[in-house]
2 protein chains.
Amino acid sequence: MIASVAKALEILNLFSTAEPCLTLTTISKRLGMHKSTAHHLLNTLLQYGFIEQQADDSYALGKTIIALTQNILVNVELRDRAAPLLRELADTCNESVYLTVRDGDRVLYIYAIESSQRLLARTAVGDYAPLYCTAVGKAVLAFLPPAEVSRLYADRPDSLVAFTPHTLTNFRQLQDDLARSRSRGYTVDNQEHELNTFCVGAPIFDAHNAVIGACSISGLDTEIIDSRLEVLSGGVVYTAQQISRRMGYVPERMSMVRQNMAGK
Amino acid sequence: MIASVAKALEILNLFSTAEPCLTLTTISKRLGMHKSTAHHLLNTLLQYGFIEQQADDSYALGKTIIALTQNILVNVELRDRAAPLLRELADTCNESVYLTVRDGDRVLYIYAIESSQRLLARTAVGDYAPLYCTAVGKAVLAFLPPAEVSRLYADRPDSLVAFTPHTLTNFRQLQDDLARSRSRGYTVDNQEHELNTFCVGAPIFDAHNAVIGACSISGLDTEIIDSRLEVLSGGVVYTAQQISRRMGYVPERMSMVRQNMAGK
DNA sequence: CGATTAGTTTCATAATATGAAACAGTGTAT
DNA sequence: ATACACTGTTTCATATTATGAAACTAATCG
């Protein structure tokens, strides 16, 4: 661990949507370092475009970071392969479509085709969401080794936080839901993460037949998980499978894996 | 300038779409540093999620960087405000819509609503493009102080590189095009950057009435800058103005600025 | 099986980041 | 109007720490 590099990265992590601009003194105080040290670090970050300085001398994350995004492995290997398939899906269902990858106990949104109905401004790309209460997250959980799911949530009651009254906060409930999802091949999110948001999700596998992420259809109408469920679930599952294929996944092998999981 | 931080940032800049994975020795050789040093730096970046290690021990940019994106000033101040307006525009014209910001002599794509016709996989978000041969770039140039435009291109013949046979590689040609764009309020890109790609762009201004970026409609059909030009240009200009308003721009002041520019 | 490649760890020393203090602007309050 | 408090910036000696050589391990290849 190189201390100065760690400090520089901590500076980058200090910025948030709520506070996209920070002053030198704020930064130095928050991280408990001297103004001078923070200034040196910021100058270096500035030189490389990772930080930008505003007219009022305050600092903000630099645009260069957006450009870096094009070189991130999941974007090259997964997003860019999945994008055309997701566009097709979005066109056929006329709802928002999301692509996510698992990152530990969360899911990271890496691509979104947001429908115009969804007039909430901000794109989801870059957002994290829990695994246990989103269609995409549960799609990952359903096809993760059961031991790993238990490690995450069993005997940890505080790990299943209720975002809405619909959130599954009981481990058994969640397990049942995952079992059902496993047999159907898709997941349903009935306002478990956000009220008035309904989603249908399906898992994405890699060449080793391991779940690496999921995609979903998301909208503001109950119909999505009701009258339109059959059509939409067919769509996400098909799309997720196509994406998996492009990741090197071989479906035949998977049926064996499923049988093994069912046997346990 | 803190050397170790600079080295760490140089490591991050080493990755590209073509080479999203690099080995330790490759990194150390490219940057002329010892394996051990590179290893220390990578470990630090690893700890903070800026770098990820693959199964084969090679290194890649980490997913954390995608999350950082949500806190970047232009995304918070411009993209999130513009997104709903751009979605509306995309719906009405049924073509790809882009949002860009100026970054020196280039334009950076920060948001995209890519139409399903465009089945080229990769999203443009994070891409840079030149100012002189794109609809978005020329929209910026047209409303930049003329002195700045001259500084960029006048007496620098190698600065106007031809991407296609349609690229304007002559400064006078470019100036004429910008003058026309200025009076119309929108720009046209007739395959100047990419063959078979036609765009209509309009400038976005901030609270100081300075151009900060542009948005555009982009597609694969000549119609876009032909039979549909009137409708589409009306759309982008209107959208760009709405975005500008949300950025604090006051239209009345602008007419004065325009008169001043015309007088020069 | 030996050789060559890879990544990782250790450690002394040479390099450099650090923090105190002083400086220079800005805006505010007295 | 003047002084004060607040920014960010610069300087510089020294104590900290990053560095690179070398040794180590593990895997790959002829």
Side-chain angles (χ1 to χ4, degrees), chain A residues 1-16 18-64 71-73 77 207-208 248, chain B residues 1-16 18-64 71-73 77 207-208 248:
Chain A
M1 276 278 283
I2 293 177
S4 52
V5 173
K7 281 175 190 164
L9 300 180
E10 264 159 28
I11 287 179
L12 296 180
N13 280 329
L14 218 57
F15 297 90
S16 64
E19 290 182 314
C21 286
L22 295 169
T23 66
L24 175 68
T25 26
T26 309
I27 293 167
S28 63
K29 274 181 189 166
R30 293 243 179 109
L31 296 176
M33 55 175 75
H34 271 249
K35 273 198 307 182
S36 168
T37 306
H39 188 252
H40 278 298
L41 291 165
L42 283 163
N43 259 330
T44 310
L45 291 163
L46 212 55
Q47 216 101 51
Y48 283 84
F50 283 71
I51 285 282
E52 277 171 15
Q53 201 159 16
Q54 301 315 113
D56 65 340
D57 278 343
S58 72
Y59 297 91
L61 289 177
K63 290 188 274 286
T64 301
N71 309 324
I72 297 172
L73 193 61
E77 281 193 348
H208 309 98
Chain B
M1 274 279 282
I2 292 176
S4 51
V5 173
K7 282 174 190 165
L9 300 180
E10 263 161 28
I11 287 179
L12 296 179
N13 280 328
L14 218 57
F15 297 90
S16 64
E19 291 183 314
C21 285
L22 294 169
T23 67
L24 175 67
T25 26
T26 309
I27 294 167
S28 63
K29 274 180 188 166
R30 293 245 179 105
L31 297 176
M33 54 175 74
H34 270 249
K35 274 199 304 183
S36 168
T37 307
H39 188 253
H40 279 298
L41 292 164
L42 283 163
N43 260 330
T44 310
L45 291 163
L46 213 55
Q47 216 101 50
Y48 284 84
F50 282 71
I51 285 281
E52 278 171 16
Q53 201 159 18
Q54 300 316 113
D56 65 340
D57 278 345
S58 72
Y59 297 91
L61 288 178
K63 291 188 272 286
T64 301
N71 310 324
I72 297 172
L73 193 62
E77 280 193 349
H208 308 97

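By convention in this document, chain letters (A, B, ...) are assigned in the order of the sequence lines, proteins followed by strands, and residues within each chain are numbered from 1.
Between Gln54(B) atom CD and dA27(D) atom P the separation is 18 Å, expressed in whole Å. Rounded to an integer number of Å, the gap from Glu10(A) CD to dA17(C) P is 17 Å.
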What's the verdict on side chain to side chain contact (heavy atoms under 4.5 Å, CB included) for Phe50(A) and Asn13(B), showing C-alpha distance, side-chain angles and the deciding distance? CA-CA 11 Å; Phe50(A) 283 71; Asn13(B) 280 328; 4.2 Å; yes
How far apart are the C-alpha atoms of Leu14(B) and Arg30(B), what are their side-chain angles, what is the distance that settles it, and do they pass the side chain to side chain contact (heavy atoms under 4.5 Å, CB included) test? CA-CA 8 Å; Leu14(B) 218 57; Arg30(B) 293 245 179 105; 4.0 Å; yes
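No side-chain donor-acceptor contact under 3.5 Å links Ser28(A) to the backbone of Ala38(A). No side-chain donor-acceptor contact under 3.5 Å links Gln53(A) to the backbone of Leu46(A).
Proximity of Gln47(B) to Leu9(A): side-chain heavy atoms (C-beta onward) are nowhere separated by under 4.5 Å.
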Going 5' to 3' through nucleotides 3-19 of chain D and flagging B where a protein heavy-atom sits under 4.0 Å of the base, S where only the sugar-phosphate is that close, and - otherwise, we get ----SBBBB------SB
